[in-house]
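Input: a single structure, listed below in structure tokens.
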Amino acid sequence: MNTIEGNLVAGNAKFALVAGRFNDFIVNNLVEGAIDTIVRHGGNRDNIDLIKVPGAYEMPVAVKKVASLEKYDAIICLGAVIRGGTPHFEFVAGECVKGIATIATQTGLPITFGVLTVDTIEQAIERAGTKAGNKGGEAAAAAIEMVNLLNAIDAA
Ligand code: INI
């Protein structure tokens, strides 16, 4: 039996971070977590581009454009959608995840989801570098693994 899997070596892979400005006091920590993870896994800062969008709702259009350039090995989506007692939350979070998932499956490009969808600011803080880790770093690690997995499948 052969197991085909991706390692966590970033190497010369090129990454696009697509990050929302909305709730930027949270999202900036996710961006830092993603960059730190790529660099600590052997990646190069010069191979990382940061693309900023207004909010999570706009993310799919930017991700689609970035994917169409065919110059990145993976796209890492970073944002924070915080409920705050309004139905807006469902629409913003729903359209964001649906759009990104559609682009990922249509293009076959590794696109990872580091967009927090939480009820409270406290939950967001917990996931942006405090007691529940850093979801930006986790999304970056998943992107590195997926880049290497696709290469490993090709080579198998
Ligand atoms: N955008 C976010 O990224 N997070 C949120 O929590 C949020 N809330 O709560 O409204 C949010 N809204 C803005 C939205 O993404 C669009 O930028 C806006 O509607 C303009 O199209």
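Order of listing sets the numbers, starting from 1, for every ligand and every atom in it. Nothing fancy with the numbering, it's 1 onward along the sequence.
Close approach of ligand 1 to H88 (heavy-atom distance below 4.0 Å) involves ligand atoms 10 (O), 19 (O). Atoms of ligand 1 lying under 4.0 Å from any heavy atom of A56, numbered from 1 in the order shown and given with element: 1 (N), 2 (C), 3 (O), 15 (O). Within the listing of ligand 1, atoms 14 (C), 15 (O), 16 (C) sit less than 4.0 angstrom from a heavy atom of Y57. Atoms of ligand 1 lying under 4.0 Å from at least one heavy atom of A80, given by number and element, are 2 (C), 3 (O), 4 (N), 5 (C), 6 (O). Close approach to N23 involves these atoms of ligand 1, each under 4.0 Å from a residue heavy atom: 4 (N), 5 (C), 6 (O).
Under a 3.5 Å cut-off, the side chain of N23 and the backbone N or O of A80 do form a donor-acceptor pair. Of the possible donor and acceptor atoms, none in the side chain of N7 sits under 3.5 Å from a partner among the backbone N and O of N148.
Interatomic distance, CG of D154 versus CG of L149, reported as 9.5 Å (0.5 Å rounding). Taken to the nearest 0.5 Å, the CG atom of L17 stands 5.0 Å off from the CD1 atom of I76. Here the CD1-CD1 distance, from I26 to I125, works out to 5.0 Å after rounding to the nearest 0.5 Å. Rounded to the nearest 0.5 angstrom, I75 CD1 and K65 NZ are separated by 12.0 Å. Here N29 contributes atom CG and D24 contributes atom CG; the two are 10.0 Å apart, rounded to the nearest 0.5 Å.
Looking at R83 against ligand 1, nothing comes within 4.0 Å, counting heavy atoms. At a 4.0 Å heavy-atom cut-off, ligand 1 touches V92 through the side chain alone.
Protein heavy atom at the shortest distance from atom 7 (C) of ligand 1 is F22 CE2, 3.3 Å. Looking at atom 16 (C) of ligand 1, its nearest protein heavy atom turns out to be E58 OE1, 3.2 Å.
One hydrophobic cluster holds both F25 and L78 under the rule that ILVMFWY side chains link at heavy-atom gaps under 4.5 Å.
Distances shorter than 4.0 angstrom do not occur between any heavy atom of G20 and any atom of ligand 1.
Compare T117, I82, V118 by their heavy atoms: the one nearest to atom 6 (O) of ligand 1 is in I82.
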